Structure formats: C-alpha cells, structure tokens
Amino acid sequence: MPAIPSAPRTARTRSWWGWGHTDAHPDDAECAAMGALLPGTLARPLPVPRIEGLPIARPAVTPPPSLAHLVTADPRARAAHAMGKAYRDVIRALRGRPGRIPDLVAHPTDDREVADLLEWAGEHGVAVIPFGGGSSVVGGVEYRGDAHRAVLSLDLTSMNRVLEIDTAGGSARIQAGALGPVLEEQLRPHGLTLRHFPQSFEFSTLGGWLATRAGGHYATGRTHIDDFVQSLRVITPAAAGASWRLPASGAGPSPDRLFLGSEGALGVITEAWMRLQERPRHKASTSVAFTDFHRALDAVRALAQSDLAPANCRLLDPGEALLSGASHDGSSVLVLGFESATSPVDDRLASAVDLARAHGGRAKTPPAERDAPTDSAVSAWRSAFLRMPYLRDGLARMGAVVETFETAATWDRIPALIDAVRTEVGAAALKLTGHQATINCRLTHVYPDGAAPYFTVAVAGRPGDEVEVWDDIKAVAGEILHRHRATITHHHAVGRDHRPGYDLQRPEPFALALRAAKDALDPHRILNPGVLLD
C-alpha cells in the first residue's frame, strides 16, 4: 500500500537541558517548595541554564558539499544533542559542565544518506552517536573521551514514517526515527496500535526502543520491545541488510537479537516490521492497599503466576505510594489494570482483587468497566508517573541528588535485594552527604519467575559536587545488584553509566563474540564509542 503521511510535530518546545517540554518545568517557587522537603538543599534554585553560556567551540570538521544539506553546526542543535536526560546530565547542564558537545548534527532522511554519513565519518575519524529522542538516562547518547577527531550526532527523527501496514498479519513497517506520538497517530486511523508506552513515550523513538530493549506499557506478558519485532533493517559501516519478516524461526541464532540492545554500537537501525494489535476497547482498573509490604510481594507473585495477565500490576512501597499520592496512611499500594480489544475485563479484575485480598490486601469493590479510572489511588499514581521526571529536574535545581535505577531478579532474591538497597544505599548516601536519603521502591514489571524493582533515591547533595555523589551512589547500587545476581538494568539500557555492571554480568565467551562483531561491522570504531565495549 502507499506510504502513510507522517503525523504533524508538536508546537511545544523541548528542553535542551532537562526532561520534556519547557512549559511543564517547575517554576522557582515550586522548586523551592520541593527543596524544603529535603533538609540541606540550596536556599534558592540554580538558574535555568542558557545555551549562550556554554563553551561551544567551532566544529573540528567540515562535511563535504554532498552531505552539507544534511548537517548543521547550529549551537542550539549541538547543545540539545550533547547529553541524554539522566540526573547526571541535568546537573552538569545546570552547573555549566555539559561535557563534549558534538561538532555537528545530521538529519538523514533515508538509508542511503545514513550510509553516506557513516562512510564519510569512517574516512575522517569522526565518532557517530545515533540519536533518537535523546531520553537516555544511562549516558547512551553522549561522547566521552578524546580518541576521535570530531563527533557527529546522527539524529534519525526525520525518518519518522509508517511506510506500510499489513492488516492481515497485524504488523507495520516503520522508520526508526518515529517518536511515540508520531508513530501512534499514523496507526490510529487503522484501528491499530503498537501499544508500547514507556515513561519516555513522548520523547523517544522506535529506533531508541529497539536499540535499548525498552520496557513498555504492560506489566506482565509481552512488555519488552523485543516481543513486538518481526524484522529489522540495519545500516552498518561494513554493510546494510534486513532480516526476513517471519512470525517465528528456528534458523540458527537470531540476527535481530544481535542488534536489539546494541545501542548503536554495531549499526544504525533504520526500519522495523513491528507486530501491532487492535486498540483496546475494554478497560478497568482499581487499587489494593497492604499494611505488610512482604505480603504484598507474595500477592504480586501469585498474580504473575496466574493466567489473569493484568496489563498493569505495579506495587508501590509506602514511600512511593505517599510520594505519588496513592496512599497517606503508610500502606503499600498495588495498582491493577486490565484491558482488551475483544472482550470485557471486569471478571478478570475481580479475580485479581480476590487473589490480592487472600494475601491481606484491602480493596474497593472493582469499578464498572470504563475508560477513565475512578479509583483515586490509580489516578494519583498515573499523574505522578508522568510528572515525576519534571519534579526530579526541579529537585536538581535545588542541589538535591536524585537517582533512579531499576533491575530484575528471581522471586527468591527479591525481598533481600530490596532490603539491601534500602539499607546500604541509605547508609552510603548519609556518609557521602551527611543527610538522610529518601529511598522508595516500586515493582514496574512482574513475571512468573521474578520481578523488576525500580528504586528512587533523593538526598541533599554537596553543592558543586553533585555528580561525584551521584557516581558514588550509582557504584554502591551496582555492587548490591551484582552481589544479589540482579541485572544491572531491566529496561534503561547499559549506555556508559552501567558499563561496569554489564561487564561483570555478561559471560566471557559472549564478550569475545561481541568484540568480534564490533570489529567486523564497525572497523573504524566510530559507532557510539564506549557503549557496551571499548
């Protein structure tokens, strides 16, 4: 069928230094109010950084005339592509220390232009950082070091079209630069959806989800972007190619698996055939409160091992429930949601609530099926979930250190892991800053054999040394995860910040194979240097 017109871009302005849209950032008064909740923070918020104050040098290279129309050296574009959106990135921008700013930003519109840019970069020793929405929170889209003559940020968001839809097979061929809303708007007229909604949905691309093995909307069942992939098209410095589009295959190691999670270090994902689904028409949700967090863990495990398959099954500890407004009495809160395109879900929700009650939960009568939840705890959690990254940036302006990290482990390790993080990270934060840290935990995704805890740490920092404190807290957290055989990341990716943990986690034979793949596909070592391997 003919290509589908791309959706219009939003008129709102993206922040170059912080999360999301500039008009959603907390103002000075809101920042000060948040800082007052963390003793030891600054008296006044740090000023919003200005690009004019950054040390942006002249580009070290000039593209050839054949590529000049694809490339810009505009200071604003370069600053906006210098870093991701981790706390470490935000505080460096606020302190005027953004790190290496790319010399150039390219916006290719097709595969040929991507290949031409890679060829030029390889010939001239220019590092290439593939860039989608720039929402990385693990140092995945910045350049560190000085081994390359110059740095090119390869922004794929001009490649944002849904090119083809197979309605019989429920799938679509989509360019990798499509941001979440752009992608969904092109699928909506067909009654279809990818239904992959990470917290970064507005500000991340299909290619970014694929390159980082992102986790999305569903708390159970198909949740990682891997589950929706039929085939990938990838451009590498050595060659270009696409895997066959198949429902399944047992033909040797999967070629898609080589590039899923490769974070732009092996090649540039430019297109993918993705499995779609009908848009859900039946939805229902409610919340269940628990006085005992460990009994709540048992309830969630029982739900994950049932055949109920809730779309949302998020357990908030008392601190997380209080922070989100889901609870004010010290309870843990389980947020449950079900959805379907074909049949009512009330019975499944009722069965899930009964199961939770059997483990000590207190629930309201399940609401009648509807699009908008009436449960106040569910509504409060959803609002807080979307607002939280903006509040983190507000706390950063007050000199607070705010870290979020996520992991996954088998059920037998989960209780001890959560207790260790609370105790040991709390002790480390107190030693580093002299202040008591707030440490909250929620389960974001659950499986029959384990779960994915997500931790938030907030503490007043040492003025001017916030990055060092963040790095030290990150190191302590990584050591705890490794000791408990928990993954260094469940869905945030490896980037540069998680490299130490990833190096410890991967088996050595796989590391040898990965290095060989890098040598074969990227012989000049220009693609995202420092990500996954040296």
Side-chain angles (χ1 to χ4, degrees), residues 217-223 280 282-340 342-385 408-419 422 440-455:
H217 170 70
Y218 293 105
T220 66
R222 293 193 303 175
T223 182
H282 304 274
K283 299 180 183 180
S285 59
T286 194
S287 64
V288 183
F290 292 82
T291 56
D292 186 324
F293 182 72
H294 289 281
R295 290 202 71 187
L297 286 175
D298 291 339
V300 173
R301 177 166 54 84
L303 281 165
Q305 293 173 350
S306 73
D307 62 356
L308 294 171
N312 198 4
C313 188
R314 312 251 172 165
L315 177 61
L316 319 178
D317 76 359
E320 187 76 10
L322 177 63
L323 183 66
S324 67
S327 172
H328 299 279
D329 63 1
S331 297
S332 300
V333 173
L334 174 60
V335 178
L336 283 171
F338 288 83
E339 59 185 50
S340 171
T342 57
S343 57
V345 294
D346 285 337
D347 288 348
R348 287 162 59 199
L349 177 60
S351 296
V353 169
D354 287 344
L355 194 156
R357 282 177 172 149
H359 288 81
R362 308 186 314 275
K364 300 177 181 178
T365 302
E369 188 176 297
R370 62 203 63 188
D371 285 339
T374 56
D375 187 303
S376 59
V378 174
S379 297
W381 172 79
R382 288 185 179 178
S383 297
F385 178 74
T410 52
W411 281 115
D412 59 320
R413 300 178 185 274
I414 290 292
L417 169 65
I418 294 173
D419 290 344
R422 287 171 173 160
N440 298 330
C441 175
R442 67 180 185 266
L443 301 188
T444 62
H445 301 77
V446 294
Y447 305 91
D449 51 350
Y454 189 113
F455 298 94

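Nothing here was measured: the structure is a model prediction, and the numbers come from that model. Basis for what follows: all heavy atoms, side chains included, without hydrogens, waters or symmetry-related copies.
- In this view, Asp419 and His294, Arg422 satisfy the side-chain contact (heavy atoms from CB on, under 4.5 Å) rule, not counting sequence neighbours.
- With sequence neighbours excluded, the residues satisfying side-chain contact (heavy atoms from CB on, under 4.5 Å) with Arg222 are Asp227, Phe228, Arg275, Gln277.
- Under the side-chain hydrogen bond (donor to acceptor under 3.5 Å, both in side chains) criterion, Thr444 pairs with no residue at all, not counting sequence neighbours.
- Across all non-hydrogen atoms, the minimal contact from Asp317 to Cys441 is OD2-N, 2.8 Å.
- Note that the CZ atom of Arg348 and the OG atom of Ser343 stand 6.5 Å from one another [nearest 0.5 Å].
- Between the side chain of Ser340 and the backbone N or O of Thr342, at least one donor-acceptor pair lies under 3.5 Å.
- At a threshold of 4.5 Å between non-hydrogen side-chain atoms, the residues Thr220 and Leu303 do not count as touching.
- Here Arg442 pairs with Glu320 under the salt bridge (Lys or Arg N to Asp or Glu O under 4.0 Å) rule; sequence neighbours left out.
- For Ala451, the side-chain contact (heavy atoms from CB on, under 4.5 Å) partners two or more places apart in sequence, or in a different chain, are Trp411, Ile414, Leu443, Val446.
- The two atoms that bring Ala304 and Pro448 nearest to each other are O-CG, 3.6 Å, heavy atoms only.
- Among residues two or more places apart in sequence or in another chain, the salt bridge (Lys or Arg N to Asp or Glu O under 4.0 Å) test is passed with Asp329 by Arg362.
- Under the rule for a salt bridge (Lys or Arg N to Asp or Glu O under 4.0 Å), Asp449 has no partner lying at least two apart in sequence or in another chain.
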Handout entry: side-chain contact (heavy atoms from CB on, under 4.5 Å) between Cys313 and Leu336, worked out
Key = CA-CA 5 Å; Cys313 188; Leu336 283 171; 4.1 Å; yes

Practice task
Mind running side-chain contact (heavy atoms from CB on, under 4.5 Å) on Val335 and Ser285 for me, showing each step along the way?
Solution key: CA-CA 8 Å; Val335 178; Ser285 59; 5.9 Å; no

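- For Tyr454, the ring pair (Phe, Tyr, Trp, His ring centres under 6.0 Å) partners at least two apart in sequence or on another chain are His492.
- Formation of a donor-acceptor pair under 3.5 Å by the Thr223 side chain with backbone atoms of Ala219 is not found in this model.
- Every pair passing salt bridge (Lys or Arg N to Asp or Glu O under 4.0 Å) that includes a residue from residues 300-314 is listed here, sequence neighbours excluded: Asp298-Arg301.
- Across all non-hydrogen atoms, the minimal contact from Ser287 to Val378 is N-CG2, 4.0 Å.
- The line from CG of Leu349 to CG of Leu308 is 9.5 Å long, rounded to the nearest 0.5 Å.
- Residues that satisfy the ring pair (Phe, Tyr, Trp, His ring centres under 6.0 Å) test with Tyr218, not counting sequence neighbours, are absent from this structure.
- By the ring pair (Phe, Tyr, Trp, His ring centres under 6.0 Å) test, Phe455 pairs with Phe405, sequence neighbours left out.
- Summarising the geometry of Ser332 relative to Phe293, their closest heavy-atom pair is OG-CD1, 3.4 Å, with the distance given to 0.1 Å.
- For the pair Val288 and Gly361, the tightest heavy-atom approach, listed with the atom from each and the gap, is CG1-CA, 3.6 Å.
- A donor-acceptor pair under 3.5 Å is absent between the side-chain atoms of Arg413 and the main chain of Gly450, judged by distance alone.
- Between Gly319 and Asn440 the shortest heavy-atom distance is CA-OD1, 3.2 Å.
- The side-chain contact (heavy atoms from CB on, under 4.5 Å) check on Ala299 picks up Phe290, His359, with sequence neighbours excluded.
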